[in-house]
Amino acid sequence: MKSWLHIVGIGEDGLDGLTPATRAVVEAAEVIVGGDRHHELSEIVSAERVAWPSPFDALVDLLGSYKGKRVVVLATGDPLWYSVGARIGRAIDPAEITYYPQVGAFQLAAARMGWSMADLETLTVHGRPVEQMIAFIQPDQRLLILTTGAETPGQIAKFLTERGFGQSEMTVLAAMGGENEKRFDGIAESWDHIVPAFNTLAVECIAAPDAALLPRVPGLADDLFQHDGTMTKQEVRAATLAKLMPMRGALLWDIGTGCGSVAVEWMRAARYARAIGIEPRADRRAMAAANALALGTPKLELIDGQVPEALEGLDPPDAIFIGGGLSIETFETAWASLRPLGRLVANAVTLESEAVLINLHKTYGGQLVKLQVHRAEPVGPRTGWRPLMPVTQWSLVKR
């Protein structure tokens, strides 16, 4: 199928920065779709001009109405890297689209900083919760971040400072590649620059001796979570996540989510991992929401409901954790919804719940283990081992 839709990346240097072949595509367009800035950068071209629709999700229908004409969508930099091209490509047959990438903000920022792209993390908080970047704050980590607006660097500086990374070096780069390119350098704890709304932020994370260590490997300390004492403890949580196997873009159902510790760590462990927490208690949902925000997973979805009824109509999951509400009926409903190669883990601390797991193990197989953790704690002037409640864990993969 011949492509009718051309998605062209453009930089601050406008048409002059395009290759001759790409420029010819833009100049031959009958319809050009883009933001005000894109139209200003290509104003010498005579074509019907169309602005981004509002809401933006109407873009695909808008483009479809022009099918049969030579349509060009202008995007900033690489259209397939945190840009509009990816969204369009999910809705329109890729055989109908031709992409024309330009050097994007990440490449330009890395060049300005002298950083290797292979040795850093690239993130976007543009149009997304800024708190998402918190999960990437690590000692000696380099970050390139597409921001939401002029206020975003200040918000990120606050996140860094609160977590003991106040000495982190920050650089805002704006209008890269154009006549008005600007650069602002500073330190997170004293950041006070007023910067343009359209910018890219480079961060070199520098940890103080007392900085919070928040690895993306599961097993965060219990005291990093708001909780009421009823939670999947650190050591058991790490073993649980290992069996759940977080993967890029995968969806977890966290049944009886409590304070959300398992769901939060699932989302931190893999890019774009999603989680739905089902929790009937409002106070625990509030704690889960607060923990998700504080630990960089603000997109955790929380549902008020009792299982198994609350599971009806949810997107099919790639993994399921049953930490509360365990019953034969809940398992059967969850298991029927689990996708092929999906992972299910159920933890039990009471004899009654353990009996349910033993019966399920007899019927469905899988792995049944007993987890026992002892922590060293003061016993008067000395130190002794204090046991946590043993946990029976059942896990299996759907084949």
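Values below: every heavy atom of this structure, side chains too, minus hydrogens, waters and symmetry copies. Residue numbers run from 1 in the order of the sequence given.
Here the CG atom belonging to Leu368 is positioned 6.5 Å from the CD1 atom belonging to Ile358, to the nearest 0.5 angstrom. In this structure, the separation between CD on Gln372 and OG1 on Thr392 is 10.0 Å, given to the nearest 0.5 Å. We find the CD1-CG distance between Ile278 and Leu314 to be 5.5 Å, quoted to the nearest 0.5 Å. Taking CD from Gln155 and OG1 from Thr152, the interatomic distance works out to 5.5 Å, rounded to the nearest 0.5 Å. Note that CD1 of Ile206 and CD1 of Ile187 are 6.5 Å apart. Values are rounded to the nearest 0.5 Å. Between the CG atom of Asp283 and the CD atom of Gln226 there is a distance of 11.0 Å, given to the nearest 0.5 Å.
Within the structure, the salt bridge (charged side-chain N to carboxylate O under 4.0 Å, His left out) test picks out the following pairs touching residues 323-343 (sequence neighbours left out): Asp318-Arg339. Identified under the ring pair (Phe, Tyr, Trp, His ring centres under 6.0 Å) test for residues 64-89, with sequence neighbours left out: Trp81-Phe106, Tyr82-Phe106. For residues 36-56, the pairs satisfying salt bridge (charged side-chain N to carboxylate O under 4.0 Å, His left out) are Glu12-Arg37, with sequence neighbours left out. Applying the salt bridge (charged side-chain N to carboxylate O under 4.0 Å, His left out) test to residues at least two apart or on different chains, the pairs with a partner in residues 77-92 are Asp57-Arg87. The salt bridge (charged side-chain N to carboxylate O under 4.0 Å, His left out) contacts involving residues 347-357 comprise Glu354-Lys370, where partners must be two or more places apart or lie in separate chains.
By the side-chain hydrogen bond (donor to acceptor under 3.5 Å, both in side chains) test, Ser54 is found to be paired with no residue, residues two or more places apart in sequence or in another chain being considered. Take His39 and apply the ring-ring contact (aromatic ring centres under 6.0 Å, His included) test, not counting sequence neighbours, and it matches no residue. Among residues two or more places apart in sequence or in another chain, the side chain to side chain contact (heavy atoms under 4.5 Å, CB included) test is passed with Arg375 by Asp222, Lys233, Gln234, Glu235, Val373, Glu377, Leu388. Shown here are the side-chain hydrogen bond (donor to acceptor under 3.5 Å, both in side chains) partners of Thr350, two or more places apart in sequence or in another chain: Ser353. Partners of Phe198 according to the ring-ring contact (aromatic ring centres under 6.0 Å, His included) rule, which considers only residues two or more places apart in sequence or in another chain, do not exist here.
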(Q) Working note: Glu181 + Arg112, criterion side chain to side chain contact (heavy atoms under 4.5 Å, CB included); need CA distance, chi angles, decisive distance, verdict. (A) CA-CA 11 Å; Glu181 180 168 338; Arg112 300 295 188 269; 2.6 Å; yes

Q: Let me see the working for Glu301 and Arg274 under salt bridge (Lys or Arg N to Asp or Glu O under 4.0 Å), right down to the final yes or no.
A: CA-CA 8 Å; Glu301 183 180 348; Arg274 300 184 296 138; 5.9 Å; no

Q | Residues Asp16, Arg23; criterion salt bridge (Lys or Arg N to Asp or Glu O under 4.0 Å); working and verdict | A | CA-CA 8 Å; Asp16 291 341; Arg23 178 167 180 153; 3.3 Å; yes

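At a threshold of 4.0 Å, the pair Glu121-Arg271 counts as salt-bridged, since one of the basic side-chain nitrogens sits closer than that to a carboxylate oxygen. Ion pair Arg285/Glu279 not flagged as a salt bridge, since none of the NZ, NE, NH1 or NH2 atoms sits closer than 4.0 Å to an Asp/Glu carboxylate oxygen.
Hydrophobic cluster membership for Phe321: Leu214, Leu220, Leu224, Phe225, Met231, Leu241, Leu244, Leu252, Val262, Val264, Trp266, Met267, Leu295, Leu300, Leu302, Val345 (Ile, Leu, Val, Met, Phe, Trp, Tyr linked by side-chain heavy atoms under 4.5 Å, directly or transitively). Taking Ile, Leu, Val, Met, Phe, Trp and Tyr as hydrophobic and joining them when side-chain heavy atoms fall under 4.5 Å apart, one finds Met133 in a cluster with Leu123, Val125, Val130, Ile134, Phe136, Ile137, Leu143, Ile145, Ile156, Phe159, Leu160, Phe165, Met170, Val172, Phe184, Trp191, Val195, Leu201, Val203.
With a 4.5 Å cut-off on side-chain heavy atoms, Leu5 and Val73 count as touching. Residues Asp228 and Met287 meet the side-chain proximity criterion, which asks for heavy atoms closer than 4.5 Å. Side-chain contact between Ser3 and Ile97 is absent, with no heavy atoms from C-beta onward closer than 4.5 Å. Between Arg183 and Leu173, some side-chain heavy-atom pair lies under the 4.5 Å cut-off. The shortest distance between side-chain heavy atoms of Lys398 and Leu338 falls below 4.5 Å.
Under the 4.5 Å side-chain heavy-atom criterion for grouping Ile, Leu, Val, Met, Phe, Trp and Tyr, Tyr364 is connected to Leu311 within one hydrophobic cluster.
In this structure, Thr22 contributes its side chain and Leu18 its backbone to no donor-acceptor pair below 3.5 Å.
Under a cut-off of 6.0 angstrom, the local environment of CG in Asp140 is sparse, with at most 12 non-hydrogen atoms contributed by other residues, nucleotides or ligands.
Taking the six-membered ring where tryptophan is involved, the planes of Phe56 and Trp52 are perpendicular, since the angle between them exceeds 60° and thus also 30°.
For the residue pair Ser261/His227, the side-chain donor-acceptor check at 3.5 Å is not satisfied.
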